[in-house]
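Working notes for the structure below.
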There are 2 protein chains.
Amino acid sequence: MNFDAVPAHAPLELEHFLPYRLSILSNTVSQGIAAEYEERFQLSMTEWRVMTILARFPEVSAREVVERTAMDKVAVSRAVSRLVDAGRVDRGTHDGDKRRSVLKLSEAGWAIHDEVAPLARAHERELLAKLSAEEREHLDRILDKLLAI
Amino acid sequence: MNFDAVPAHAPLELEHFLPYRLSILSNTVSQGIAAEYEERFQLSMTEWRVMTILARFPEVSAREVVERTAMDKVAVSRAVSRLVDAGRVDRGTHDGDKRRSVLKLSEAGWAIHDEVAPLARAHERELLAKLSAEEREHLDRILDKLLAI
DNA sequence: ACGTTATAGTTTCACCTGAAACCATTTGCA
DNA sequence: TGCAAATGGTTTCAGGTGAAACTATAACGT
């Protein structure tokens, strides 16, 4: 005999559902950091990500930025245009392949980078402060595994 | 004497930067799941999230959905409207407070829920399969800490 | 050498998103 | 009781986003 008046629909429990928890955490963290530099420097998150790539790998093409950020190529194209317009990035053309752009931070771009980078790092430290040293190591290893293709 | 020709700009290493890694992981995972049901059921991720809440907590108001999902109230309002239009959610008015809506899944809504929920769970299992039982426990505890306000 | 195919990057389009303004209703308090 | 403030929800507006189409250039195979 079935005493359940309503069939068991087995609803998802979002608060224990890993993809959902990751989404909440990621949004909270990223928006927390972005909120600081967006207003202060009129800098969007995609623009900032492009800048971090150009800081580490000067003279790359837009395509390499796409590869290194996992961002959409349209998003990168637009972010780069805005950065060039704002005088934060210099865009040249590759010798020998006129399709390719050659991107690097301008002086102004470096100046902003050098202000925002410590700010981002401080946020990360604050987040990691909630964990023990052991947990930080675990998280690092776990993310490595989950992010492996 | 300073032998560094260029000042040390200390660029961020995105691939080791926690907020960035979380963002990549979260997007990959969520989009992987959403890709399956979006086309098959014309169901957006926000709509699906609203449905999971209504599955677990029948007869809630839109405001409660907002509270439980950490989604924007505009996004919830629109998702609910689409779900009502599609006949997947029934929207009534609260007795004694005509501002409040009373939302619940319709028969059609439940039918879709019962197809998508196992699919979502399967994706989560697949993701967690990359980890050992111990790592899964660690991740759970770590997320608890990081998500605590 | 030359036409097909591939690649770098931009534009278009259709949609999603959040902040702010807005409307209706309810609550709180003088 | 009556009026200001708060609340639930929707609409508006000003972006941001990705898929697909497009342009320009380069690479490849015959």
Side-chain angles (χ1 to χ4, degrees), chain A residues 23-24 26-28 30-32 34-35 37-39 41-50 53-54 57 59-86 89-104, chain B residues 23-24 26-28 30-32 34-35 37-39 41-50 53-54 57 59-86 89-104:
Chain A
S23 162
I24 297 291
S26 167
N27 287 344
T28 313
S30 286
Q31 282 172 18
Y37 59 69
E38 279 183 351
E39 191 174 351
F41 301 97
Q42 323 296 355
L43 189 68
S44 76
M45 201 177 73
T46 51
E47 289 168 82
W48 169 242
R49 284 192 181 166
V50 170
I53 298 297
L54 300 188
F57 309 99
E59 314 265 325
V60 296
S61 67
R63 198 186 125 270
E64 282 175 83
V65 175
V66 169
E67 277 173 7
R68 291 184 182 283
T69 53
M71 280 165 47
D72 186 75
K73 74 174 180 168
V74 179
V76 169
S77 169
R78 278 187 280 237
V80 168
S81 292
R82 282 192 300 265
L83 288 168
V84 171
D85 288 350
V89 165
D90 295 330
R91 170 162 47 187
T93 303
H94 192 276
D95 308 342
D97 187 344
K98 290 176 202 156
R99 293 170 306 177
R100 285 187 206 188
S101 53
V102 178
L103 306 169
K104 60 178 180 178
Chain B
S23 162
I24 297 292
S26 168
N27 287 345
T28 312
S30 285
Q31 282 172 19
Y37 59 70
E38 279 183 352
E39 191 175 351
F41 301 99
Q42 323 295 358
L43 190 67
S44 76
M45 201 179 71
T46 51
E47 288 168 80
W48 168 243
R49 285 191 181 165
V50 169
I53 298 297
L54 299 188
F57 309 99
E59 315 264 324
V60 296
S61 68
R63 199 186 124 271
E64 282 174 83
V65 174
V66 169
E67 278 173 7
R68 292 185 182 280
T69 52
M71 280 165 48
D72 186 76
K73 76 175 182 167
V74 179
V76 169
S77 168
R78 278 188 281 236
V80 167
S81 291
R82 282 193 301 265
L83 288 168
V84 170
D85 288 349
V89 165
D90 295 330
R91 171 162 47 188
T93 303
H94 192 276
D95 309 342
D97 187 345
K98 288 176 203 156
R99 292 171 308 177
R100 283 186 206 189
S101 54
V102 178
L103 306 169
K104 60 179 180 179

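Every chain is numbered from 1, with letters handed out A, B, ... down the list of sequences.
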Rounded to the nearest Å, what distance is computed from the NZ atom of residue Lys73(B) to the P atom of nucleotide dC22(C)?
14 Å

Given dA20(C), dA20(D), dG9(C), which nucleotide is nearest the side-chain atoms of Val74(A)?
dA20(D)

Got a second to check how far Met71(A)'s CE is from Arg78(A)'s CZ, nearest 0.5 Å?
10.5 Å

How many Å lie between CG on Leu83(A) and P on dG16(D), as a whole number?
12 Å

When we call it a touch if two heavy atoms are under 4.0 Å apart, what does Ser44(A) touch: a base, just sugar-phosphate, or nothing?
nothing

With DNA chain C as reference, determine whether Arg99(A) or Glu47(B) sits nearer its 5' end, using the nearest nucleotide of each.
Arg99(A)

Pairing of Arg100(B) and Asp97(B) as salt bridge, 4.0 angstrom limit:
yes

Distance in angstrom units between Asp85(B) CG and dT10(D) P, rounded
11 Å

In whole Å, I'd like the distance from the CE atom of Met71(A) to the C1' atom of dA19(D).
16 Å

Under 4.0 Å from OP1 or OP2 of dG9(D): is there any side-chain N or O of Ser101(B) that close?
yes

Rounded to whole angstrom units, what separation is found between the CG atom of Asn27(A) and the C1' atom of dT17(D)?
15 Å

Closest to the 5' end of DNA chain D, once Glu64(B) and Lys98(A) are matched to their nearest nucleotides, is Glu64(B)

In terms of heavy-atom contacts, Ser101(A) and Ala62(A) come closest through OG-N, 3.4 Å

Counting only side-chain nitrogens and oxygens, does Arg91(B) get under 4.0 Å of the OP1 or OP2 atom of dT10(D)?
yes

With respect to the phosphate group of dT10(C), does any side-chain polar atom (N or O) of Ser77(A) fall under 4.0 Å of OP1 or OP2?
yes

Tell whether Arg78(A) reaches the base of dG18(D) with its side chain through a donor-acceptor pair below 3.5 angstrom.
yes

Whole Å only: how far is the CG atom of Asp97(A) from the P atom of dT23(D)?
20 Å

For the pair made of NE2 in His94(A) and C1' in dA24(D), what is the distance, rounded to whole Å?
17 Å

CG of Leu54(A) to CG of Leu83(A): how many Å apart, nearest 0.5 Å?
7.5 Å

To the nearest Å, give me how far apart CD (Gln31(B)) and C1' (dC16(C)) are.
13 Å

Side chains of Ser23(B) and Arg49(A): any donor to acceptor distance under 3.5 Å?
yes

